[in-house]
2 protein chains.
Amino acid sequence: MQNTRGPLKSGQRPGGRSLRVQEAVHAAVVALIDELGREGVTVPRVAARAGVTPSTIYRRWSDIATLVSDVARRNLRTDCPVKPCGRLSEDLPAWAEMYQDEMDSTPGRAMVRDVLRGWDGRQKACPLLDAVRPSIALICDASVEPVNFDVEAVIDAVVAPLLTRIIFTDAPLPSTLARDAAVAFVERHSLNAGRSGCSQRHGVRT
Amino acid sequence: MQNTRGPLKSGQRPGGRSLRVQEAVHAAVVALIDELGREGVTVPRVAARAGVTPSTIYRRWSDIATLVSDVARRNLRTDCPVKPCGRLSEDLPAWAEMYQDEMDSTPGRAMVRDVLRGWDGRQKACPLLDAVRPSIALICDASVEPVNFDVEAVIDAVVAPLLTRIIFTDAPLPSTLARDAAVAFVERHSLNAGRSGCSQRHGVRT
DNA sequence: CGTTTAAAGCAAATAATTTGCGTTAGAGGA
DNA sequence: TCCTCTAACGCAAATTATTTGCTTTAAACG
């Protein structure tokens, strides 16, 4: 909720006791999910484990779904562990593959589910994509060639199909789904980059 | 005399009283959402309005989110109101545009939100895409040309970017987002179909 | 029709959430 | 450093939601 960096806004108390409470509550949620499963996690139980009163939790997070959603988001690694080499045709597929591994794992799927269930629509938007844009932007920035597409296009072509399947289907995903999508995307955009290379082979998606 | 395990051949009682209760409850949910908004809809209130006891609702649907999700799904039109003319380059974009209008409306977004919030992950999959596949299949079946892609590819290229934006972003969508995606998709696949018709004009609207 | 039993009703018990008010401890200024 | 202000917490009572054991009703089938 609060940011830990930058100038303090008046009327906010991000540090000290508030921070300790937040950390204790988050830790309690993680522990209880591990012990009892998602269904066994209730506000009173989290409060007892964290050593705070239920009303504290109800006032900061409004309900269990929001709290679990909050925890799920924080526990997902949001950084981009790929070191771009500068060639999009390598960097983007590599990142896509890693991203799929991350999201299509048991904890990844659980995280997506929890985040969605805690999204109440009053907030501006479901915050799942926020973790993704910086990674893509970093790869694009590192490209030695000019980039003729934007981050949203990558999301449409690579991230969207992946998330859609994770959310809306049960079947295990083809392991190279995101990678293949990324390869096809890069190829398509290098074709469009000026030369009319229509005779080149296209990557057919599955 | 009791039977051993499966007493009734059907084992379900979809008609009669059960049906009346279901209809009354669904109607109560719709009415209460209209009167109080989603936040004001609680199980006891729905029960009172529908003339049933709360325990009935808790036993059939396990909680409010599941119930609202159920109602939201049923109230979404699932049929394909597009009459395919047989040409994919017309049918698919036309359907895509209609689908976007449907989903990116206020009630459509609310429906998506409610369905996701009611999805508990115990069910096999979130049932939002089930309404879409038959429509796409119908269009493909009506095509006079051979179809060299499957329904899932259309979902990846057209439906996934749309749903992803609806779920994960707040900004209003470009009105031709899905249509453009459909046009690009059909074009890509007709290029792959054998002829190298790269010089053809494309019907991209601006 | 009679039998069977899934689904509904009822009510008591339990669990959760909300709320009013007093207390504590950080942030910012003197 | 100390003082002040107040956001955030604790506590407990009130309210509301959910579960549960048992009874009753009526749909499906012979």
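Order of the sequence lines fixes the chain letters, A, B, ..., with proteins taken first and strands second; residue numbering starts at 1 for each chain. Owing to the predicted nature of the structure, the values given are computational and were not obtained by experimental measurement.
When each of dC9(D), dG21(D), dG10(D) is scored by its nearest atom to the side-chain atoms of R59(B), the top-ranked nucleotide is dG21(D). Here dA25(C) is the nucleotide among dA8(C), dA12(D), dA25(C) with the atom lying nearest to any side-chain atom of R17(A). Closest to the S55(B) side chain, of the nucleotides dG9(C), dA27(D), dT19(C), is dG9(C). For S18(B), the listed nucleotide lying nearest its side chain is dA7(C); candidates were dG26(C), dA7(C), dT19(C). Comparing dA27(D), dG9(C), dA8(D) by their closest approach to the side chain of V52(B) singles out dG9(C). Of the candidate nucleotides dG9(C), dC9(D), dA7(C), dG9(C) has the atom lying nearest to any side-chain atom of T53(B). With distances taken from any side-chain atom of Y58(B) to the nucleotides dT19(D), dG10(D), dA8(C), the minimum falls on dT19(D).
To the nearest 0.5 angstrom, M111(A) atom CE is 10.0 Å from N75(A) atom CG.
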- Could you please spell out the steps behind the salt bridge (charged side-chain N to carboxylate O under 4.0 Å, His left out) verdict for R74(B) and D70(B)? CA-CA 6 Å; R74(B) 280 169 196 274; D70(B) 194 35; 3.7 Å; yes
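Rounded to an integer number of Å, the gap from CD1 of I57(A) to P of dT18(C) is 13 Å. Rounded to whole angstrom, the span from the CG atom of L19(A) across to the P atom of dG26(C) amounts to 10 Å. A straight line from CD1 of I64(A) to P of dT18(D) spans 14 Å, rounded to a whole angstrom. Whole-Å rounding puts the D63(B) CG to dT18(D) P distance at 8 Å. In this structure, R45(A) places its CZ atom 7 Å from P of dA16(C), rounding to the nearest Å. To the nearest angstrom, P of dC9(D) lies 10 Å from CD of Q22(A).
For the side chain to side chain contact (heavy atoms under 4.5 Å, CB included) criterion with F168(B), the lone passing option out of V132(A), I155(A), D130(A), L129(A) is L129(A).
Atom CZ of R87(A) sits in a sparse spot, with 12 or fewer heavy atoms from other residues, nucleotides or ligands closer than 6.0 Å.
Each of R20(A) and G51(B) was assigned the nucleotide of DNA chain C with the nearest heavy atom; the assignment lying further toward the 5' end belongs to G51(B). Along DNA chain D, the nucleotide closest to P54(B) and the one closest to V21(A) are compared, and the more 5′ of them pairs with V21(A).
In this pair, F185(B) and F149(B) present their aromatic rings perpendicular. The plane angle is above 60°, beyond the 30 to 60° band.
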